Amino acid sequence: QVQLVESGGGLVQTGESLTLSCVPSGGTSRDYAMGWFRQAPGKEREFVAVISWNGDNTNYADSVKGRFTISRNNAKNTVYLQMNSLKPEDTAVYYCAAAPPFYFPSALASHLKYQYWGQGTQVTVSS
């Protein structure tokens with residue numbers, strides 16, 4: 001059983017940056033495509049970004065393109081989400097998730113394809 005642990009959330013002001021990290025325990029990140037989702041209060045969980053198992057391919061939600069960057073360091077067994085130019089509408093709980101490696105990132109915008117989920121880390125952006 002793979003457990004995903006997110007870290008790096010916090011309270012920032014508009015325009016600032018945060019980097020989230022995700023570390024799987026009981027498994028290795030290179031065995032999975034890894035994604036980030038977020039859920040704001042009263043809203044459904046939404047796709048943010050995903051990266052292929054080897055890091056060669058990525059996919060982003062339109063709302064974060066050009067501001068967020070997903071990356072991975074398989075040697076450190078860690079996946080990152082670099083978030084720049086943060087906006088109040090980015091406020092949400094951010095979840096890391098793992099999907100089978102054979103999926104191409106463009107097919108991984110749906111949460112239904114992910115096998116494992118972390119507990120989430122809160123990101124709050126004040127105006």
Side-chain angles (χ1 to χ4, degrees):
Q1 184 74 13
V2 176
Q3 293 184 324
L4 305 177
V5 180
E6 304 98 334
S7 62
L11 172 63
V12 297
Q13 294 186 337
T14 297
E16 294 186 338
S17 299
L18 275 177
T19 299
L20 306 182
S21 299
C22 174
V23 179
S25 62
T28 55
S29 62
R30 66 174 176 270
D31 292 335
Y32 302 92
M34 299 294 294
W36 289 94
F37 286 73
R38 66 187 182 186
Q39 189 167 17
K43 295 187 177 181
E44 293 187 353
R45 190 169 299 191
E46 66 171 349
F47 167 75
V48 175
V50 62
I51 189 167
S52 59
W53 69 273
N54 59 1
D56 285 352
N57 300 102
T58 59
N59 189 31
Y60 295 91
D62 288 343
S63 59
V64 306
K65 277 182 183 175
R67 299 189 298 123
F68 291 11
T69 302
I70 188 170
S71 62
R72 65 192 304 159
N73 185 329
N74 286 341
K76 294 185 176 181
N77 203 32
T78 304
V79 178
Y80 305 96
L81 185 67
Q82 173 69 41
M83 305 185 295
N84 297 329
S85 303
L86 283 162
K87 306 175 181 179
E89 50 264 44
D90 295 318
T91 295
V93 177
Y94 282 71
Y95 298 90
C96 174
F102 50 78
Y103 281 116
F104 200 74
S106 60
L108 286 172
S110 169
H111 68 281
L112 297 175
K113 291 187 168 66
Y114 290 81
Q115 293 175 298
Y116 304 106
W117 292 84
Q119 293 299 307
T121 184
Q122 176 71 46
V123 173
T124 303
V125 185
S126 65
S127 58

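Values in this document were obtained by computation on a predicted structure and should not be read as measured data. We use all heavy atoms of the structure for the numbers below, so side chains are in, but hydrogens, waters and symmetry mates are not.
Heavy atoms only, all atoms of each residue included: L108 and Y114 are closest at O-OH, 2.7 Å. C96 and M34 make their closest contact through SG-CE, 3.5 Å (heavy atoms, listed as atom of the first residue, atom of the second, distance). Nearest approach of L86 to L18, heavy atoms of both residues: CD1-N, 3.9 Å. Scanning all heavy atoms of the two residues, the minimum distance from A92 to R38 falls at CB-CB, 3.8 Å. Of all heavy-atom pairs between F47 and N59, the closest is CZ-O, 3.5 Å. In plain terms, the two heavy atoms of T91 and V125 that are nearest each other are OG1-N, 2.9 Å.
Note that the OH atom of Y94 and the CE atom of M83 stand 5.5 Å from one another [nearest 0.5 Å]. For the atom pair CZ (F37) and CD (E46), the distance works out to 9.5 Å, reported to the nearest 0.5 Å. The structure places CD of Q3 at 4.5 Å from OG of S25, a figure rounded to the nearest 0.5 Å. Note that the OH atom of Y80 and the OG atom of S7 stand 9.5 Å from one another [nearest 0.5 Å]. If you take OG on S52 and CZ on R72, they are separated by 7.0 Å, rounding to the nearest 0.5 Å. Considering OG of S85 and CD of E16, their distance stands at 11.0 Å, rounded to 0.5 Å.
None of D56, T69, I70, N57 except one satisfies the side chain to side chain contact (heavy atoms under 4.5 Å, CB included) rule with I51; the exception is I70.
You'll find the side chain of T78 reaches within 4.5 Å of the side chain of S21, heavy atoms only. Side-chain contact check for V2 versus D31: every heavy-atom pair is 4.5 Å or farther apart. W53 places none of its side-chain heavy atoms less than 4.5 Å from the side chain of F102.
A cation-pi arrangement, defined by a distance under 6.0 Å to the six-membered ring centre and an angle within 45 degrees of its axis, is present between R45 and Y95.
Side-chain contact, Q82 with T19: a donor N or O sits under 3.5 Å from an acceptor N or O. Checked by atom type, the side-chain pair S17/N84 shows a donor-acceptor distance below 3.5 Å.
In this structure, W117 is not a member of the same hydrophobic cluster as V23, with clusters built from ILVMFWY side-chain heavy atoms closer than 4.5 Å. If you chain together hydrophobic residues whose side chains sit under 4.5 Å apart, V50 and V93 fall into the same group. Put simply, L20 and V48 are part of the same group of oily side chains (I, L, V, M, F, W, Y) that touch within less than 4.5 Å, one to the next.
A 6.0 Å sphere centred on CD of E44 holds no more than 12 heavy atoms belonging to other residues, nucleotides or ligands. Around the CD atom of Q122, the shell of radius 6.0 Å holds more than 12 heavy atoms that belong to other residues, nucleotides or ligands.
The backbone N or O of T121 sits nowhere less than 3.5 Å from a side-chain atom of E6 that would complete a donor-acceptor pair. Using a distance-only test at 3.5 Å, with no hydrogens or angles considered, no donor-acceptor pair links the side chain of N74 to the main chain of N77.
Checked for salt-bridge contact, K87 and D90 miss the test: no charged N lies under 4.0 Å from a carboxylate O.
For F68 and W36, the distance between ring centers is not under 6.0 angstrom.
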